[in-house]
Protein chains: 2
Amino acid sequence: MSQPKPTESELEILNILWERGACTVREIHEVLEKTKEAGYTTTLKLMQIMNEKNLVNRDASSKTHIYQANISQEDTQGQMVKKMIDTVFNGSAMDLVMQALGNHKASKDELELIKQYLEQAEKKKK
Amino acid sequence: MSQPKPTESELEILNILWERGACTVREIHEVLEKTKEAGYTTTLKLMQIMNEKNLVNRDASSKTHIYQANISQEDTQGQMVKKMIDTVFNGSAMDLVMQALGNHKASKDELELIKQYLEQAEKKKK
DNA sequence: GTTTGTTTACGAAATGATTCGTAGATGGAT
DNA sequence: ATCCATCTACGAATCATTTCGTAAACAAAC
C-alpha cells in the first residue's frame, strides 16, 4: 500500500497542497511560478502523473479539476528521514540530529523544546 | 566551488570511500555486489563520471587507478540535511529532529548524549 | 452559433541517471 | 613473443524525470 516516493518536482507540489489544501492546477502553477520557471502544461502534466501514482486525489466533477494530497506530510517526512538516515548517516539517527542542530542553530526555545521532549522520552523508557 | 550534489548511486560509492579510504574500482565493486546487482563496468563508469564531477580524485599513476573521496562526509551530510530541511520540513530544523527522534527510537544512551549536547549549546547562548 | 479564453489530454522531445557491451591497453606467466 | 586475466575508455541502450507543443473539450460572452 505504500506509495512510490515523490520526485523533487512532485514534492514541491505536495508542499503546496499540504499548506493550502485542495487546489486547482492553476493555483499550484501560480505558486510555483513565483520561485521557478515553468509552463502551465508542465505543472498540469506533473499533477496528472501524481494522480496516476495516487500521490494525489482528483475531483473531476467540474471542468476545472481539483487536486488534494493523498499522502500525509508526516508520513512522507518520516519516510524521507528514514531513508536519509540509512543512506547518508549509516543508520545513525543521532548523527543526523547533530547535523541538524549544529548547522541550523536552533533557537534557545527550540532547544528547550527538544530537551523537554527528550526528558519525556526517557521517562517512558524506565 | 561547491560540487554538484551526488546522485543515489554516487552516494553509495562515496559511503564506501569514506569508510575505507582510497579504493580501486574492484574493491568498490565487490562491496557493492554484496547488496545490489551491478556489472563491473557499471561501477567503473560511475567512478569515471564522479571523477569528471570532481566528487573523487583519481591516482592514475599505475595501471589500476586508485580513487579517493574529494568531498568530506560531514560537508555532504550538512548539505543534504539543509536541503531536506528546506524542501521537506519548510525550513524547520526542529521538525526534522523530532521526526528523526520519534521514528527511529534512539537508544537511551543516545538520548542522553543529545541532552548533554543541548545543555552545552544552551550554556553557549547565555 | 461563433468567438475567445481556459482547461484537460496526449504524445513526444529534452535531460539526467544508470547500465553494460565491446574494444583496446597493460602487465604477468608461460 | 604469446597468451591470459584484468583494467580502462568509449559509446550506446535503457529508464526515469521534466518539459512543453498541439489539439480537443468546454463554458462564458458576444
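Keep in mind the model is a prediction, meaning the values are calculated, not measured. Reminder, nothing fancy here: chain letters follow the sequence lines and each chain counts from 1.
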With respect to the phosphate group of [N], does any side-chain polar atom (N or O) of [X] fall under 4.0 Å of OP1 or OP2?
X	N	answer
A:Arg26	C:dT6	no
B:Arg58	D:dC7	no
A:Tyr40	C:dT8	yes
A:Gln48	C:dC10	no

Give the rounded distance in Å between these two atoms: [atom1] of [X] and [atom2] of [N].
X	N	atom1	atom2	answer
A:Glu10	D:dT19	CD	P	11 Å
A:Leu46	C:dC10	CG	C1'	15 Å
B:Leu55	C:dA17	CG	P	11 Å
A:His29	C:dT6	NE2	P	12 Å
B:Glu52	D:dT8	CD	P	14 Å
A:Ile13	D:dT17	CD1	P	14 Å
A:Met50	D:dT18	CE	P	10 Å
A:Glu12	D:dT19	CD	C1'	14 Å

Between A:Ala38 and B:Leu44, which residue's closest nucleotide on DNA chain D lies nearer the 5′ terminus?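 First, find each residue's nearest nucleotide; the 5'-ward one identifies B:Leu44.
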Nearest-nucleotide 5' precedence on DNA chain D, B:His65 against A:Ile49: B:His65
Is there a path of hydrophobic side-chain contacts, each under 4.5 Å between heavy atoms of I/L/V/M/F/W/Y residues, joining A:Val31 to A:Leu46? yes
Cluster link A:Ile49 to A:Leu14, ILVMFWY, side chain under 4.5 Å: no
Confirm from the modelled atom types if B:Lys45 and D:dG11 form a donor-acceptor pair under 3.5 Å, side chain to base only. yes
Using a heavy-atom cut-off of under 4.0 Å over every strand shown, decide if [X] touches base, sugar-phosphate, or nothing.
X	result
B:Ser9	sugar-phosphate
A:Thr64	sugar-phosphate
A:Thr7	sugar-phosphate

A:Lys63 side chain: which of D:dC20, C:dT7, C:dT18 is closest?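 When the side chain of A:Lys63 is considered, C:dT7 is the closest of D:dC20, C:dT7, C:dT18.
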Output yes when a side-chain donor or acceptor of A:Glu27 lies under 3.5 Å from a complementary backbone atom of A:Thr24, and no otherwise.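 Judged by distance alone, yes, a pair lies under 3.5 Å.
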In the structure I gave you, are the side-chain heavy atoms of B:Gln73 and B:Asn15 within less than 4.5 Å of one another anywhere? yes
Can you tell me if A:Ser92 and A:Asn90 form a side-chain donor-acceptor pair at under 3.5 Å?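 A:Ser92 vs A:Asn90: no donor-acceptor pair found between side chains.
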